[in-house]
> 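Sharing a structure with you now.
Source: prediction; values computed, not measured. Note that these values count all heavy atoms, side chains included, but never hydrogens, waters or copies made by symmetry.
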Amino acid sequence: MTDEFKVRTTPALLAPFASFAREFGDILRNPVAVFGGIFGTGLFAGGVVALALFGPKFEVNAAPAEDDVLEMEFMPGALVRKGEKIDPTTIPEKIIVEETVAAAAPAEAKVTKDEKAVPNPEPKKNDKPKDTKATEAPDPNKKGAKESDKNREGNKQYDSDLPTVKDLPGDPFGSPNGWADMAKDGDPWATAVLGALNGMKIGAYAGQGSPAVYKFQLVVCADGSVDRIKVTKPSGDAKLDGAIKNAIESLKLPKAPANIAAQLAGKCKRIPYDFTWSGAGQSGKVK
């Protein structure tokens, strides 16, 4: 005779709950595991809360602070060509300058104690003593040009053109690196900075180069040194860009005036002005 056991099946709707009850019962049979799980979970949650309340703050995708900008209105004036002013009423219709070369310094008279020395022959009657005094050394590239007080670049288009002015119009207080005939008011320091940039020498690089534009901003210090260069638009020629950047980095700008130096407070600041170098090869202008 066999014993018969009646097996009771769990209804389908209660099957998930029955399975959860069995697993929970198995967990309760091991109290150490239960206590460890609760303690670990609480410790982790407490650490997250403490880090959120007292930990360092991080800004995600925060824009860089623009605290290196010098708050000033950088307005350079026009650098005028250094030279003599010409009365506007007497300026000729066509300004033509004759190319000249600086006169060589006269030879110094030498005294000798040699009793047998032969004296120099007397000058010819047609020879006229040179009374032109030059303020600079003769340019060896201007051989055959008329001797004068300095080296001048001529602007004659035709050999038949006769000179109408001695020099191009300018200003006695102008700059050797000036390029404008008319002065334009602006901040003196900004104008001086622009003048220094136009006086820099761009190093040689491969090829003759084609017309290019290079835009940049400067971070300057109170002593006139260039801290760094921010390129806003490269020229597209890596060698030219490098040559211009090297020239700027080695440049000594005019010292900042007292009011600007006070704003700098011993730091270096970026001038909020886009400088533009335009030219070809080693020749170019900054504006």
> Can you give me the closest heavy-atom contact between E249 and I229, atom names plus distance?
CG-CD1, 3.6 Å

> How long is the gap from CG on L218 to CZ on R228, to the nearest 0.5 Å?
11.0 Å

> Please enumerate all residues that pass side chain to side chain contact (heavy atoms under 4.5 Å, CB included) together with A192, with sequence neighbours excluded.
P254

> Going from NZ on K255 to SG on C221, what distance comes out if it is rounded to the nearest 0.5 angstrom?
12.5 Å

> Pairs in or reaching into residues 211-232: which pass ring-ring contact (aromatic ring centres under 6.0 Å, His included), with residues at least two apart or in two chains?
Y214-F216, F216-F275

> Compare every heavy atom of E147 with every heavy atom of A103, then report the nearest pair and how far apart it is.
CB-OE1, 3.9 Å

> Show the nearest heavy-atom pair for residues W277 and G279, with the distance to one decimal.
CZ3-N, 3.7 Å

> Rounded at 0.5 Å granularity, tell me how far CG in D241 sits from CG in N246.
10.5 Å

> Give a yes or no on whether K245 atom NZ has more than 12 heavy-atom contacts from other residues, nucleotides or ligands under 6.0 Å away.
no

> Test: ring-ring contact (aromatic ring centres under 6.0 Å, His included). Region: residues 241-265. Which pairs qualify, not counting sequence neighbours?
none

> Does any donor atom in the side chain of D237 or S235 lie under 3.5 Å from an acceptor atom in the other side chain?
no

> Which atom pair, heavy atoms only, marks the closest approach of T191 to G186?
OG1-C, 4.3 Å

> May I ask you to decide if A196's main-chain N or O and K252's side chain share a donor-acceptor pair within less than 3.5 Å?
no

> Just wondering, more than 12 heavy atoms not from K146 lying within 6.0 Å of its NZ?
no

> Working to the nearest 0.5 Å, report the span between SG of C268 and CG of D223.
7.0 Å

> Compare every heavy atom of A137 with every heavy atom of N151, then report the nearest pair and how far apart it is.
ND2-O, 3.0 Å

> Rounded to the nearest 0.5 Å, how far does CD1 of I244 lie from NZ of K239?
14.5 Å

> Looking at A243 and I202, what are the two nearest heavy atoms and their distance?
CB-CG2, 3.9 Å

> D187: which residues meet the side chain to side chain contact (heavy atoms under 4.5 Å, CB included) condition with it, sequence neighbours left out?
W189, A190

> Out of curiosity, L253 CG to I248 CD1, how far, rounded to the nearest 0.5 Å?
9.5 Å

> Heavy atoms, side chains only, cut-off 4.5 Å: are Y273 and V193 in contact?
no

> Return the set of residues passing side-chain hydrogen bond (donor to acceptor under 3.5 Å, both in side chains) with Q217 (not counting sequence neighbours), or none when no residue passes.
R270, D274

> Are the side chain of T100 and the backbone of A145 linked by a donor-acceptor contact shorter than 3.5 Å?
no

> Is there a path of hydrophobic side-chain contacts, each under 4.5 Å between heavy atoms, that joins V231 and V219?
no

> Taking only residues two or more places apart in sequence or in another chain, which ones pass side chain to side chain contact (heavy atoms under 4.5 Å, CB included) with D161?
K94, I96, K156, Q157, Y158

